[in-house]
Each structure stands twice: as structure tokens, then as C-alpha cells.
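Every chain is numbered from 1 and lettered A, B, ... according to where its sequence line falls, protein lines coming before strand lines.
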2 protein chains.
Amino acid sequence: MKTAKNAASAGRSQESRGPVTMHDVAALAGVSRATVSKYFNDGEGLKPDTRARIEQACRELDYVPDPHAVSLVRGRSRIVGVVLPVVNEPFFAEALRAIEQKAKALGMDVIIQCSYNDPAEEAAALMTMRSMKVAGVVLTAVASRQNLDLLRRLEQEMRIVYLDSFVHEDCDYVMNDNRQSMAMLTRYLLGRGHRPAYLGAPPVAHPSPTERLAGYLEAMAEAGVAPLVLPASTQPTWDFEAYGFRHVLDWLTSGAWQRSGATALACGTDRLAIGAMSACRRFGLEPGKDIAIAGHDDLPISAYLHPPLTTFRQDVAAIGVAAMECLQAQLDGADAGPYRKRFTGGLVPRESA
Amino acid sequence: MKTAKNAASAGRSQESRGPVTMHDVAALAGVSRATVSKYFNDGEGLKPDTRARIEQACRELDYVPDPHAVSLVRGRSRIVGVVLPVVNEPFFAEALRAIEQKAKALGMDVIIQCSYNDPAEEAAALMTMRSMKVAGVVLTAVASRQNLDLLRRLEQEMRIVYLDSFVHEDCDYVMNDNRQSMAMLTRYLLGRGHRPAYLGAPPVAHPSPTERLAGYLEAMAEAGVAPLVLPASTQPTWDFEAYGFRHVLDWLTSGAWQRSGATALACGTDRLAIGAMSACRRFGLEPGKDIAIAGHDDLPISAYLHPPLTTFRQDVAAIGVAAMECLQAQLDGADAGPYRKRFTGGLVPRESA
DNA sequence: TAATTGAGGCCCGTCTTTAGT
DNA sequence: CACTAAAGACGGGCCTCAATT
């Protein structure tokens, strides 16, 4: 009786020790490992009888193939890597949620890495993904050209979809149509008789902030109104409320506001708008009455603010899902050219403007 | 010249094809694979000269051990699994951020799975973690006893730390001291001459909501004031603002509010408080003047609301880090009894109360 | 004898090749 | 010659044990 390790003859789903392996299943089903392997891959070319016995054995033993063994021999894993600047920012958190959900539907697992806007951390994260032989990477690149070469090289050997960012032209990306959305928001303000100034996000992303600014400028030019952009900081930060608060308060107290004749403030993000509203009140202006405020993104709380925030809702979930679909499409071989998608959301008019 | 696959003699870090393997490094360094392996493990017992040559070869070839091969042979991976109800909820997003950061420092990767409060999804996620042979799991369990047996069984074969939750007594967990924090918040309101009612979170977690309620009740009893708890829903939802808005508006319009004589509202979460403030205004009450409102968690935006929200800050980052430290400690062998930590944060008094 | 290094089996699957009906 | 199933060589490391100095 030279049964190996696990006595398959026991029959019950009691593994004596260690995880159940394909060997155990084969033994119980009375076939070879190769046959069980085939069952888990194409499944074709197996006699119904054989298939049934394997199925039964798997159920009985609670067998699941070891993903590491599979990845090792295949040279590819069923893991997708997600590299984000931070994960506790509403936009990224929601994107991650959508990605995770879609990945689950595709039978993949997701592993995350945060770069904190540091090119070195980003590079390290990408190297990890490479060593993990991931099926693909969803990357929100940091706003720096430092990893440009590395990225170009990595794109050769693994799938990379850029989410809400890109670092060069020949890449796959998925993002909101920022120019269009901010233009729409600006036009809305102009249409209500306002003269909107613009507060952009700190330089933590690329090229979304630039695109949104472009949208604002475009709408202003189109209306023949001189644009008015609040001075931006070069210090990257994710504390948008504080950033918005400080910059708007400076703007108001410096008198630049009065001189400009602006009656509204379009903000690159809802979080900035929240800080801006706070600054206005500190200065003695009532948002929605003395000055109109608008944001961008439509956070879950935006509808419940006082006043409810006029904003632009971008379809973050769709963006996340599209990123996964891009990877999926490329895995399926069909390399039908670049995958580039721009999503449009919708204006959400509320009382703040 | 029978060099295998990659001609190590080439010397340059140009892999002709396929990833660099330990075999390549060994060849270039003029040692055996076994020696290179030892270099990557303990590292002891290697002649300085040998070590240097290996080091050099690794650098030259850009070699990184294949994590799948390592996991396969070791039967353990350097991956930690994180299973959360949702990832786009500020509390979890921040916890995840801290976990990811700490994991990186420990040289581990993190893989995530969302359960969406569905016991079946949670079970599936855990089985995935098991098959991945993760180094450990950080789990925020869904509020259901359905997976109790499964969890007990899984705890036998892998490390599980419960974050902000637990399903039975003999487990490791890390969480805020909810009873204490809500008691502190309630005492603060009482101390300011208020009679606070309480709005708890929907039943999406366990046991945090129960503990917070207990804290409220404790403080009220202690002050000899009759507690007043708003009716709770049995429908789980993560849309806290809407939930808070609806329940508070009902409470106000039904007249229950007047009859109760409550002058303040303590909420189980800031997001609930935001919905509550909105409802108050809809009803004609000015939060912070006609009725005091307090939350719990101190979201980044809470300081910028109007009025700024009085709340209790829980140390989410510390909780996340502690979860990782728990896993780390257990990996290091020392099974020094159960690891259970309660963290305390601090009251953040602001204008809303 | 102690300190290093090498040989080869093994982990758990996949995949190509060979054998059996 | 179809179909099916089995055999056995990997894949990239770790680990035990023996060989070398």
C-alpha cells in the first residue's frame, strides 16, 4: 500500500494533513493528474463518465487548484495589480470598488499598491507587479515624467491601463472627459448670469487638472468673458478641503476677489468646493447667495451639504469597469489597436449655484 | 558550450528571453542555485566573497525571486488578504490605506475582496484567501452568524485578525473603543446642557453600532436622563447620508421630536450626522442653533461643514497598523495569547454642538 | 571537525508526447 | 485513424544531505 501523503482511500473530505492536491483528486477519481488538469482547463475531450468522477472527487475533497502552482507553470497569474496615488480618496476608493467587483466577475484577484505620488514608490510598485506576473495593471500614474522610460519598457511585457491619467500618447487609458465636463459646468454658471473664477486642484494628478482648467478656459472664451484663475500651489497635497479653504480665503482677503468682479467659483473637485464654501463663510459670504460655488465629482455627501452643492457627476464606476474590460480584452488576444475611452457624466444642478 | 536558456556569459543585464531566474544568477556568480537560494533566505553561512559575487550578479541581472515559486514551495505566500464589506467608505478606505502602507513596510502585498455584507461573498472571499495561502487575513466580518462555523475552521489553518468586528470571543481583533467614545461624546453633550437623542447606524456592522449605542445609554443612565433612541431600520445600507436624512426627517415631522424634549442628536457616524443636519434644515431647524448635532469618526470634511461638526475622532490608521502587527507577531511564532486591542481617539468639539 | 557549497528531490500544477482501445 | 488517458518533463525556487576544503 504505497499511497502517497494523503490517503485517498479514506474517501471522506477529511484531509489528513496539508491541503488537498490534484494528486488526491486523481487518486480518488481513479485517473491521472494529467486528466484532472485537463478537466480544469478546456474540459473538452473527456468522457462524460470520467468527467463526472472527477467532478465528484473534487466536490468530495473540496479541491481547489493551487493558484501559485498554476501561475508558476503558466508564467502568468490571475491577479491584476492596481497602483494608485492613495486609496482613501473618494474617487480612487470608488474606482477600486468597481475594479474589484469586475475583477471578481472575471475570476481575478486584485492586489493594490499606493504610490503616494512618489515616483520611486510607483516604480517599486510596478516592479512588484512585474515579479508577480500579473495579468495586467491598472495604473493612475503620478504627475511626473520620471518613470516614463520604465513605463514604456514595462508596457512591452505586461498590460497596463492608465486610469484617469496617462504619461505618453501610445497607451491605453480610461478617464472622464474632463475638458468637456468642466466646460459644461462653466457654461452652466455663465448661463445663470455668473462670472465664474476657477480654483484648480493641487498638482497631484495628470492630466485631469489641466484638462479641467482647459474646459473652463474654453467655456469662458466661448462666452467672451475674461477668465479668472486663482493662483495654484506647486505643493502636492491630498487634503483638498484645507487647500481650497486656504487658497480661497487668501483670494478673498487679498481683495483680488473684489477687483475681479467674479460672482461664482468653479472648483476642480467637490472637496475643494467644500473648503471654498467654508472660506467664504469665514470671510462673511454666504455660499449660494453672495457667491455661487460649484464642484466636480458629486461625492455622496455633496447633495447633503448646506447649501447642496452644484457639481458634475463623473461615472467613476464605469471608468473602473472599463479599465478591467480593457485588460480582459487584451488577454483575449484581440489586440485591436489602442483602447482609449473618455466617459461623460452629467451636470447636477443644486442650490449652491 | 551547454549554457541553459539564458546565456549568462553575456554578462549584460539583457535577458535574451523570459524572466531572469535563480539559475541565471547562479551561473553568472559561478555558484549553484542552492547557494543563491541561501543568500536570499538566512544569508548566514556564506563566505563574504561568495555573497559579494551573488550580490553583484543579482544587481547585474536585475534578479528578483519569483514569488509564486517561493509560495509554492513554502506553502505560504507573502500576501495578506483584506476582506471588507465595501472599500469606498471613508473608514474602510483609510484602514486599507494604513494596512497597505504597513504591509509594504513588512515586505508583503495586499489583496482585497469586498463582501458587500453578503455572507456568501464573504465565504467565497475567505476561501480564495485560503487557496492563496495568504500570510494572514484582515477581516471586517459581515453582521451575520452565518459564517461562524466556517470562520472557526479557517482560524485553525490561517491567521485572521478581525478589524472593527468579531464574530465570537476567542479571536484576535482590533477596533475602536466604541462604547467609551460614544459615552464621551454623550457626556459632552449632556455637559453642555443638552438632552441628546441618538441615531444609530444601519445594521451593516457588528458589534460597533451596538457598542456605540451602549455608550450612549451608559452616559445617559449615569446622568439620570431618560435615553431617547430613534427607531432603527433593519435594512442594511451604506448610504448613510440618505439613511440619516430620512430617519431624522421622519422623527422631526412625526412630532416625536417635540414630545421627547430632545435638544441634541448624537449620530453613530459623521455621514449620518450630515444627513441629519440636512433633514433638520429641511424641517426648519438650524443645526448648531436650534438643535445640536454630533457625529463620530471625524471625516476629513467634517471640519469644513457648516456648521463644523462636533465629532469623535477614532484612530483608524492605528487600527489598521495594529491589524498588520497582529499578523506579523503571529508569523514570528510567538503565540502569546490572544491579540485584542481597543483604541481610543479623542473628542473634537466644534460648532455644531 | 567545522564551515561552505553542491546535488538532487520535491512543491503542485501544465503541457507535450506516447500508449491504449 | 479517431478518441482518451497516462507518462514524464518541466517551471523556479527551497531544503535536506552529502561532498569538499
Whether A/His68 and B/His68 hold their rings parallel, tilted or perpendicular, with breakpoints at 30° and 60°: tilted
Phosphate-side-chain proximity, B/Thr21 and D/dG12, N/O vs OP1/OP2 below 4.0 Å: no
Sugar-phosphate only, base, or nothing, as touched by A/Tyr63 at under 4.0 Å among non-hydrogen atoms: sugar-phosphate
Touch class at under 4.0 angstrom, heavy-atom based, for B/Val73 against every strand present: base
Touch class at under 4.0 angstrom, heavy-atom based, for B/Arg33 against every strand present: base
Sugar-phosphate only, base, or nothing, as touched by B/Val31 at under 4.0 Å among non-hydrogen atoms: sugar-phosphate
Length of the line joining B/Tyr39:OH and D/dC14:P, which is rounded to integer Å: 13 Å
Short side-chain N/O contact from A/Ser37 to OP1 or OP2 of C/dT14, under 4.0 Å: yes
Carboxylate-amine/guanidinium proximity below 4.0 Å for B/Lys104 and B/Glu100: yes
Residue-phosphate contact under 4.0 Å: B/Arg51 side-chain N/O, C/dT4 OP1/OP2: no
Carboxylate-amine/guanidinium proximity below 4.0 Å for B/Glu155 and B/Arg152: no
Distance, rounded to the nearest Å, where A/Lys47 contributes NZ and D/dA5 contributes C1': 9 Å
Salt bridge (Lys or Arg N to Asp or Glu O under 4.0 Å) evaluation trace for A/Arg153 with A/Asp149: CA-CA 6 Å; A/Arg153 225 174 320 131; A/Asp149 291 340; over 6 Å; no
